[in-house]
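Source: prediction; values computed, not measured.
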Amino acid sequence: MAAPSDLAFDPWDPAFVADPYPAYAELREQGRVRYFEPTDQWLVAHHADVSALLRDRRLGRTYQHRFTHEEFGRTAPPPEHEPFHTLNDHGMLDLEPPDHTRIRRLVSKAFTPRTVERLRPYVRGLADDLVSALVEAGGGDLLRDVAEPLPVAVIAEMLGIPESDRAPLRPWSADICGMYELNPSEETASRAVRASVEFSDYLRDLIAERREHPGDDLISGLIAAHDEGDRLTEQEMISTCVLLLNAGHEATVNSTVNGWWALFRHPDQLAALRADHSLVPTAIEELMRYDTPLQLFERWVLDEIEIDGQVIPRGAEIAMLFGSANHDPAVFTDPSRLDLTRRDNPHISFSAGIHYCIGAPLARIELAASMTALLEKAPTLRLATEPQRKPNFVIRGLEGLAVEVGR
């Protein structure tokens, strides 16, 4: 599938996926909004527009709270995809008020600053253990050995998923998230449907068990809130748990490996970080900006809007390019330069508006814990082999990141 001849944007081109940022620069120069026929979307590439549209209530993650598929000029998903859409469409990321407001209010109780701060010692201890094992082995795959297990364990612990049940969580998540790519294949859809059914069945059984034997976990808390009058359907509860698991580790995993890959390619910045660990907070923000883990975020046009004289009708879809917005020179000085001391850094990697990432404070704690543990326990950490980038465009990550630790 080829992009229009005058557009550098081509999310199926491996060269573009490897480094989309030069193409984004061309796209920004071509105007504030461009129609992209292969996905039937309007591309928005400038930081100011993306930031404003994320807060614009004329757009929505769903339209089904106001319109049928027919009224909105869209075709309903194939019936065989129904398990995925049932799971996805009842999570708060794909809901609009009032349902979004009701569910987010309940879930946010588990993500208050005080609650998240209490997790810091647990997260740091887990990061230390994972990095110590990596060092003892003389190296390994930073993705498999540190980046993945840390956030998966944290969110599973919050949800109350027993350790013995956690092995399928990451594969289920990966298969479900495959549907967020542009024009996913039927094979991708089939895997997502299967994972949706299996994950939903597992959570349905776990919720039933927690009803009988409540614990000090988020699932038990959601059940208790339901019993006290804050109503969640069972499907909303299942969808919320899946969303928290997927969103609760996907960005953290990719931010970790994308970030260390960027550091290995910028030895001066890595040396500065090793010399001054107080740079960790700004380094995390800069690495998330520099190579954005979520490149694109979609919204439906619920009421006609106009961007730079271009009328975009109801029923259209907007593709907001987070990676491009994070490299917009109108906002970021010398955006193609990695600068771990960058202070003025209003990146939108965690989105904005009512769908701002509820787990952003926890993600920052996890990223700081793993980075600090690696700096302290593996000061000679180095790249072992050139990594291979995943072919995905929307969710940007690596297949792995092989590293060595000198003794």
Side-chain angles (χ1 to χ4, degrees), residues 1-47 49-50 53-54 59 61 74 77 81 84 88 93-94 173-192 246-247 250-251 253-255 257-258 261-262 288-301 307 310 312 316-328 335-336 347-349 351 387-399:
M1 189 175 302
S5 58
D6 65 334
L7 276 186
F9 182 82
D10 188 352
W12 301 282
D13 179 4
F16 172 86
V17 172
D19 183 10
Y21 300 104
Y24 288 154
E26 290 186 36
L27 191 61
R28 289 191 301 270
E29 290 171 1
Q30 292 173 352
R32 290 172 53 195
V33 61
R34 291 295 303 273
Y35 179 66
F36 188 60
E37 186 175 2
T39 59
D40 189 22
Q41 293 173 320
W42 292 89
L43 305 178
V44 176
H46 290 258
H47 187 282
D49 290 324
V50 171
L53 290 173
L54 285 169
L59 306 183
R61 283 290 292 176
R74 292 282 163 172
H81 296 177
F84 165 80
N88 184 72
L93 182 62
D94 281 80
S173 174
D175 286 345
I176 290 170
C177 289
M179 284 292 275
Y180 304 139
E181 293 300 319
L182 299 174
N183 298 354
S185 68
E186 198 52 50
E187 180 184 354
T188 297
S190 178
R191 286 198 302 267
N246 292 352
E250 201 64 55
V253 169
N254 293 320
S255 293
V257 292
N258 289 345
W261 174 221
M288 291 191 72
R289 179 203 71 82
Y290 182 77
D291 202 6
T292 309
L294 180 67
Q295 291 281 311
L296 179 151
F297 194 65
E298 298 163 330
R299 301 290 286 273
W300 295 106
V301 179
I307 302 175
Q310 173 66 57
I312 303 179
E317 191 174 29
I318 300 281
M320 289 172 279
L321 300 174
F322 282 12
S324 175
N326 283 343
H327 279 246
D328 189 340
S336 61
H347 69 78
I348 53 173
S349 299
S351 191
Q388 181 179 350
R389 186 162 291 286
K390 288 183 176 179
N392 306 342
F393 161 66
V394 174
I395 299 176
R396 182 169 175 79
L398 302 174
E399 296 286 2

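The main-chain N or O of S324 is found under 3.5 Å from a side-chain atom of R28 such that the two form a donor-acceptor pair. Using modelled atom types, no side-chain atom of R32 and backbone atom of A45 make a donor-acceptor pair closer than 3.5 Å. Looking only at distances, no side-chain donor or acceptor of H347 sits under 3.5 Å from a matching main-chain atom of A325.
The heavy-atom pair separating T292 from Y21 by the smallest distance is N-OH, 3.1 Å. Residues H81 and A189 share a closest heavy-atom pair of NE2-CB, 3.5 Å. Heavy atoms only, all atoms of each residue included: N254 and P293 are closest at CB-CB, 4.1 Å. Smallest separation of non-hydrogen atoms from E250 and C177: OE1-SG, 3.8 Å. Considering all non-hydrogen atoms of both residues, M288 and S349 come closest at O-OG, 3.1 Å. The two residues P11 and L182 make their nearest non-hydrogen contact at CG-CD1, 3.7 Å.
The CD atom of E181 sits 6.0 Å away from the CD1 atom of I395 when rounded to the nearest 0.5 Å. N183 CG to D40 CG: the interatomic distance, rounded to the nearest 0.5 Å, is 9.5 Å. We find the CD-CG distance between Q295 and N326 to be 8.5 Å, quoted to the nearest 0.5 Å. Between N88 atom CG and D94 atom CG the span is 4.0 Å, to the nearest 0.5 Å. With values rounded to the nearest 0.5 angstrom, L53 atom CG is found 5.0 Å from I307 atom CD1.
Counting heavy atoms from C-beta on, the side chains of L294 and V394 come closer than 4.5 Å. Under the 4.5 Å side-chain criterion, counting only non-hydrogen atoms from C-beta, V33 is not in contact with D49. The shortest distance between side-chain heavy atoms of F84 and P77 does not fall below 4.5 Å. Between M320 and I348 the shortest side-chain heavy-atom distance does not fall below 4.5 Å. Residues V301 and W42 have side chains not in contact (no heavy-atom distance under 4.5 Å, counting atoms from C-beta outward).
A salt bridge is absent between R389 and D19: the closest approach of a Lys/Arg side-chain nitrogen to an acidic carboxylate oxygen does not fall below 4.0 angstrom.
Annotation: side-chain contact (heavy atoms from CB on, under 4.5 Å) contacts of P335 (sequence neighbours excluded): R289, H327, P329, F332. With sequence neighbours excluded, the residues satisfying ring-ring contact (aromatic ring centres under 6.0 Å, His included) with F322 are F297. D175 meets the side-chain contact (heavy atoms from CB on, under 4.5 Å) test with R191, A195; sequence neighbours excluded. A search for side-chain hydrogen bond (donor to acceptor under 3.5 Å, both in side chains) contacts involving R299 returns nothing, not counting sequence neighbours. Remark: D328 pairs with no residue by the salt bridge (charged side-chain N to carboxylate O under 4.0 Å, His left out) rule, at least two apart or across chains. A search for salt bridge (charged side-chain N to carboxylate O under 4.0 Å, His left out) contacts involving E317 returns nothing, not counting sequence neighbours.
Within a 6.0 Å sphere centred on CD of Q388, heavy atoms belonging to other residues, nucleotides or ligands number 12 at most.
A donor-acceptor pair shorter than 3.5 Å cannot be found between the side chains of Y180 and N392. Between the side chains of N258 and Y290, no donor N or O sits under 3.5 Å from an acceptor N or O.
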Apply the test side-chain contact (heavy atoms from CB on, under 4.5 Å) to residues F9 and R34: give CA-CA distance (whole Å), side-chain angles for both, the deciding distance (0.1 Å), then the verdict. CA-CA 10 Å; F9 182 82; R34 291 295 303 273; over 6 Å; no
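Ring planes of F16 and F393: tilted class, angle from 30 to 60°.
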